[in-house]
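Only one structure is covered here, and it is reproduced in the block below.
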Amino acid sequence: MTDAEHRLWSALRGRRLKGYKFRPEHPLGPFIVDFACLEHRLVVEADGRQHADSDDDRRRTAWLARRGWRVVRFWNNDILANPAGAEDVVLQELEGRARRSAATAMTLTLPALAGRAPPLPQSGRGVWRRRRDV
């Protein structure tokens, strides 16, 4: 790991960032990403100068995005100069995804009833009627 990756990892490891779990140097398809939060499908990359205007990075990000991953990239010098700022950006991405997921789950699992009470559950045995001709 580079110095910037070490600095970022010290903030992400052991669920230190509000309980979110990250894995370092995690394989995703044909790639190995710097850090991955599997639960929220977030990749965090710490890049040096060699990544400036990199077509490989654009293809990699596009590949991950097609599979539902979001990628947050930081320049190494930005992480070293302002590690708290990098942590804040990662946290905003995670909390934004969590809010969107919760809203979607509520919409899917708790549909609004159009001004009616929900139907009462059946007793379990069905409806039984006595025959009168017996």
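- Taking CE from Met1 and OG from Ser10, the interatomic distance works out to 10.0 Å, rounded to the nearest 0.5 Å.
- Atom CZ of Phe22 and atom CG of Leu42 lie 5.5 Å apart (nearest 0.5 Å).
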Taking it one step at a time, do Glu5 and Leu8 satisfy side-chain contact (heavy atoms from CB on, under 4.5 Å)?
CA-CA 5 Å; Glu5 289 171 340; Leu8 196 53; 5.8 Å; no
Please determine whether side-chain contact (heavy atoms from CB on, under 4.5 Å) holds for the pair Glu87 and Leu17, giving the CA-CA distance in whole Å, both sets of side-chain angles, and the decisive distance to 0.1 Å.
CA-CA 8 Å; Glu87 292 171 34; Leu17 189 65; 4.3 Å; yes
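- For the pairing with Arg73, the side-chain contact (heavy atoms from CB on, under 4.5 Å) check across Asp47, Asp34, Val44 returns one residue only, Asp47.
- Atom-to-atom distance recorded for Lys21:NZ and Arg16:CZ is 14.5 Å, nearest 0.5 angstrom.
- Rounding to the nearest 0.5 Å gives a distance of 9.0 Å between CG of Leu94 and CD of Glu39.
- When all heavy atoms of Pro30 and Trp63 are compared, the closest pair comes out as CD-CZ2, 3.5 Å.
- Two residues are said to be in side-chain contact when any heavy atoms from C-beta on lie closer than 4.5 Å; Asn76 and Asp3 fail this criterion.
- When every heavy atom of Ala46 is checked against every heavy atom of Ile79, the shortest pair comes out as CB-CD1, 3.5 Å.
- Contact of the Glu93 side chain with the Arg70 side chain is registered, since non-hydrogen atoms from C-beta on lie closer than 4.5 Å.
- Atom OG1 in Thr61 sits 8.5 Å away from atom CZ in Phe31 (nearest 0.5 Å).
- Between Lys18 and Leu91 there is a side-chain heavy-atom pair separated by less than 4.5 Å.
- The shortest side-chain heavy-atom distance between Arg59 and Asp55 falls under the 4.5 Å cut-off.
- Phe74 and Ile32 sit in two unconnected hydrophobic clusters of ILVMFWY residues. Membership requires side-chain heavy atoms under 4.5 Å apart, directly or through other members.
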Between His26 and Phe35, is the ring-ring contact (aromatic ring centres under 6.0 Å, His included) condition met? List the steps.
CA-CA 6 Å; His26 185 73; Phe35 307 104; over 10 Å; no
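- Between the side chain of Arg41 and the backbone N or O of Cys37 there is no donor-acceptor pair closer than 3.5 Å.
- Distance CZ/Arg23 to CG/Leu28: 10.0 Å, rounded to 0.5 Å.
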